[in-house]
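Convention: sequence-line order gives letters A, B, ...; per-chain numbering from 1. The analysis underlying the following values was restricted to heavy atoms, covering all of them including side chains, and did not include hydrogens, waters or symmetry mates.
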2 protein chains.
Amino acid sequence: MPAPRRTRAIALLFALGTTAAAAQGQPPKANLKRPLVVASQGSFFVGGDTKPLSGPGAGGDVTVNQMYVQYQAPPDAGRFVPVVMVHGCCLSSKTWETTPDGRMGWDEYFVRLGRAVYLADQVSRGRSGFDASVINAVKAGSQPPSQLPNVLFASRQVAWTVFRFGPKYGTAFPDGQFPVEAAEELYKQMIPDLNALLPTPNPTWTNMAALAVRLKGAILMGHSESGFFPERAALVDPDGIRGMISIEQPCPADLTDSDIAALAKIPTLMVFGDHLGDVTGGPANWQASFESCQAYVKRVVAAGGDAEMMHLPALGIRGNSHMLMQDRNNLQVADLIARWIDAHVEQKTKR
Amino acid sequence: MPAPRRTRAIALLFALGTTAAAAQGQPPKANLKRPLVVASQGSFFVGGDTKPLSGPGAGGDVTVNQMYVQYQAPPDAGRFVPVVMVHGCCLSSKTWETTPDGRMGWDEYFVRLGRAVYLADQVSRGRSGFDASVINAVKAGSQPPSQLPNVLFASRQVAWTVFRFGPKYGTAFPDGQFPVEAAEELYKQMIPDLNALLPTPNPTWTNMAALAVRLKGAILMGHSESGFFPERAALVDPDGIRGMISIEQPCPADLTDSDIAALAKIPTLMVFGDHLGDVTGGPANWQASFESCQAYVKRVVAAGGDAEMMHLPALGIRGNSHMLMQDRNNLQVADLIARWIDAHVEQKTKR
């Protein structure tokens with residue numbers, strides 16, 4: 001029988017505080033030295049629609065909007081709820097793999113913690129499908145140029161400040177955790193974002209919900225552009241979703257009470273790094289995003305939900321960028337998230 | 001000291017013949033049952049150019065044409081030359097992973113054979129970068145629609161015959177090896193091909209050559225659209241390339257004698273499946289491709305090279321489709337290729 005909510009919350013805050021303080025000098029929870037033992041790995045697709053091709057010379061049907069998923073499971077992974085990681089704007093699942101300076105990413109680290117990990121490329125990005133026929137149609141003159149998608153790019157100058165490596169391009173925060181000496185390798189991760197091609201609602205939401213059902217329970221994790229996708233997926237179909245981890249995104253204020261009641265049934269963790277208000281100008285306002293998510297968490301808790309804001313500086317962990325899964329202390333942050341999963345998801349879930 | 005070429009060739013033919021006949025009822029060379037032990041894995045990028053963004057609201061530099069590479073290495077992989085696999089048209093590195101019907105792909109199988117495996121997404125596909133700014137420029141009216149790329153799609157109807165699942169859509173060859181009951185899962189692998197956005201020469205060629213150098217020696221494998229990319233890469237820079245495996249593609253007839261002399265220095269294997277002349281109409285003529293590669297092999301051998309055509313039906317192996325890395329007998333075909341590597345690359349290469 002679970003402890004009363006308030007007691008659990010206090011115990012957790014205490015545990016996190018202790019962990020965070022100690023974590024500065026502690027080795028990661030998982031053993032990084034020994035070879036990785038993989039019980040199973042592979043890839044598959046979720047979702048997808050059949051669409052007839054049109055246009056000159058075209059004939060037949062293509063599949064569009066399917067989501068590519070890559071996975072790796074350690075022995076006995078069935079003991080734990082798997083985690084699904086979804087990347088942000090102008091990025092792919094590479095986000096979670098080897099860091100720009102060559103350290104282990106969260107993909108392998110969570111496997112070493114004993115948990116199956118699923119990386120999903122957002123629909124229209126990476127190895128996932130999308131409908132690009134409008135490009136040929138505009139080229140052929142059968143549709144006007146206004147029908148083309150607005151492709152998103154993030155230049156290195158924009159990335160530097162939006163990802164909070166420092167207050168202006170080329171200047172790093174003195175306590176910054178991002179390995180700025182390897183920033184060139186991050187820029188290579190950035191690829192054109194074709195989400196403007198997608199229908200409404202975004203098929204990635206539907207596919208994430210379907211993946212959780214297929215896995216008979218999963219924790220969904222999103223970042224930045226996809227930060228609120230776990231919640232969006234839960235509003236499509238909550239059945240498979242055992243936990244939601246939202247990393248650094250704006251939270252909507254316009255959800256209905258009924259939406260909030262549905263979301264409050266699933267444990268929720270929001271994670272934000274440091275220097276949220278220390279970069280001015282630019283397309284992102286992380287301080288405002290943080291505050292919108294504080295308000296969201298408050299609303300979910302008021303509805304009886306188990307929702308928590310993990311603001312790393314409040315735990316004594318300084319200097320984390322927007323790309324905290326690639327920061328120098330990325331495994332310490334992973335340990336904090338893993339402990340939250342243990343306390344909030346595993347103890348509630350029967351496998 | 002290597003045996004005289006003719007003796008070696010005869011010995012190999014004999015070995016292949018024996019292997020092929022026996023392979024029909026033999027278990028795969030690698031142990032599939034035990035958990036996979038991974039000494040190292042991860043991902044990185046090769047190549048990439050910096051390009052200033054232009055257009056309304058754009059500012060700064062983006063990286064384009066970088067190639068995403070994912071790798072996995074078993075313990076003691078340093079004993080063997082690694083293999084780099086590059087996918088074909090309208091596909092991604094998913095080609096080499098879990099087959100449409102859920103069996104092990106060549107990516108894991110070659111790791112289980114003791115070899116490090118590198119999967120590269122072609123530039124402009126999957127997690128690799130590309131320059132999509134022309135789409136925004138046409139949308140904004142600063143470039144005409146004629147500047148848009150011609151995006152390639154393969155419908156399921158086209159894929160069925162081009163990939164030689166059967167003589168016409170929905171009808172399978174009685175001895176066909178492709179798991180047609182899972183064809184829907186193959187169609188999901190097919191994503192828009194934006195290669196028309198690429199500059200000349202194709203950056204994937206340059207990046208494959210650079211990857212081989214970075215790995216201090218590698219075997220390059222290509223398929224279909226990328227089937228001749230190992231050779232194209234070798235014409236850019238042969239230094240790191242220890243072997244070239246070209247699977248089902250047309251071979252060019254217009255190479256100079258100097259090109260052929262350069263290519264003849266690297267062991268070459270060409271692989272073709274069955275039913276090459278049994279599908280008529282459609283955009284591909286595999287019988288003609290096969291004959292062009294027979295002529296190519298002859299020309300390389302005449303120039304003193306070690307080049308070989310592995311036509312599977314000639315070895316008694318029937319029914320292989322264009323997607324032979326996903327066919328039911330995919331691991332038997334992999335074993336044949338692995339034995340070719342052992343005999344033609346490993347014995348010539350000092351690590």
Notebook entry, point to check: Say you draw a straight line from CD of A/Gln189 to CD of B/Gln66; how long is it, rounded to the nearest 0.5 Å?
Noted result: 10.0 Å
Next item on the list: With a 4.5 angstrom heavy-atom cut-off, could you sort out which part of B/Gln143 is near chain A: side chain, backbone, both or neither?
Entry: neither
Notebook entry, point to check: Rounded to the nearest 0.5 Å, what separation is found between the CG atom of B/Asn150 and the CG atom of B/Leu194?
Noted result: 10.5 Å
Next item on the list: Name the region of B/Phe44, side chain, backbone, both or neither, that has any atom closer than 4.5 Å to a heavy atom of chain A.
Entry: backbone
Check: Are the side chain of B/Arg125 and the backbone N or O of A/Arg127 linked by a donor-acceptor pair below 3.5 Å?
Finding: no
Margin query: I'd like to check A/Arg103 versus A/Pro179 (side-chain heavy atoms, cut-off strictly below 4.5 Å). Are they in contact?
Written below: yes
Item checked: Side chain, backbone, both or neither of B/Ser128 within contact of chain A (heavy atoms, under 4.5 Å) -> backbone
Check: Counting heavy-atom pairs under 4.5 Å to chain B, which of A/Gly141, A/Gly105, A/Ser93 comes out on top?
Finding: A/Ser93
Notebook entry, point to check: Quick one: what part of B/Ala159 sits under 4.5 Å from any heavy atom of chain A, side chain, backbone, both or neither?
Noted result: neither
Next item on the list: Classify the side-chain pair A/Gln41/B/Gln41 by whether it contains a donor and acceptor separated by less than 3.5 Å.
Entry: no
Check: What part of B/Pro100 gets closer than 4.5 Å to chain A, counting heavy atoms only: side chain, backbone, both or neither?
Finding: neither
Item checked: Engaged part of B/Asp121 at the chain A interface, taking heavy atoms whose separation is under 4.5 Å -> side chain
Check: Counting heavy-atom pairs under 4.5 Å to chain B, which of A/Val37, A/Val62, A/Asp61 comes out on top?
Finding: A/Asp61
Item checked: side chain to side chain contact (heavy atoms under 4.5 Å, CB included) between B/Val84 and B/Leu215, worked out -> CA-CA 10 Å; B/Val84 175; B/Leu215 299 180; 4.0 Å; yes
Next item on the list: Specify which of B/Ile191, B/Asp107, B/Val138, B/Val151 makes the most heavy-atom pairs with chain A at under 4.5 Å.
Entry: B/Val151
Margin query: Which atoms of B/Leu36 are under 4.5 Å from chain A, going by heavy atoms: the side chain, the backbone, both sets, or neither?
Written below: both
Next item on the list: Answer with yes or no whether the side chains of B/Gln326 and B/Glu185 bring together a donor and an acceptor at under 3.5 Å.
Entry: no
Next item on the list: State, with a plain yes or no, whether a side-chain heavy atom of A/Val38 is found less than 4.5 Å away from one of B/Glu108.
Entry: no
Next item on the list: Could you tell me which of A/Pro149, A/Ala39, A/Gly47, A/Gly48 has the largest number of non-hydrogen atom pairs under 4.5 Å with chain B?
Entry: A/Pro149
Next item on the list: Check whether B/Tyr187 gets within reach of chain A through its side chain, its backbone, both or neither, counting any heavy atom under 4.5 Å.
Entry: both
Note to self: Between A/Glu184, A/Gln72, A/Met190, who has the most heavy-atom pairs with chain B when the cutoff is under 4.5 Å?
What the structure shows: A/Gln72
Note to self: What part of B/Gln70 gets within 4.5 angstrom of chain A, counting heavy atoms only: side chain, backbone, both, or neither?
What the structure shows: side chain
Next item on the list: Give the ring-plane orientation class for A/Tyr169 versus A/Trp160, where under 30° counts as parallel, over 60° as perpendicular and anything between as tilted.
Entry: perpendicular
Notebook entry, point to check: Which answer fits A/Pro144, side chain, backbone, both or neither, if we ask what part of it has an atom under 4.5 Å from a heavy atom of chain B?
Noted result: neither
Note to self: At a heavy-atom distance under 4.5 Å, which candidate from A/Ile135, A/Asp131, A/Val158 has the highest pair count against chain B?
What the structure shows: A/Ile135
Note to self: Within the 3.5 Å criterion, strictly below it, is a donor on B/Ser321 or B/Asp327 matched to an acceptor on the partner's side chain?
What the structure shows: yes
Check: Can you tell which of A/Gly126, A/Ser43, A/Gly129 has the highest number of heavy-atom pairs within less than 4.5 Å of chain B?
Finding: A/Ser43
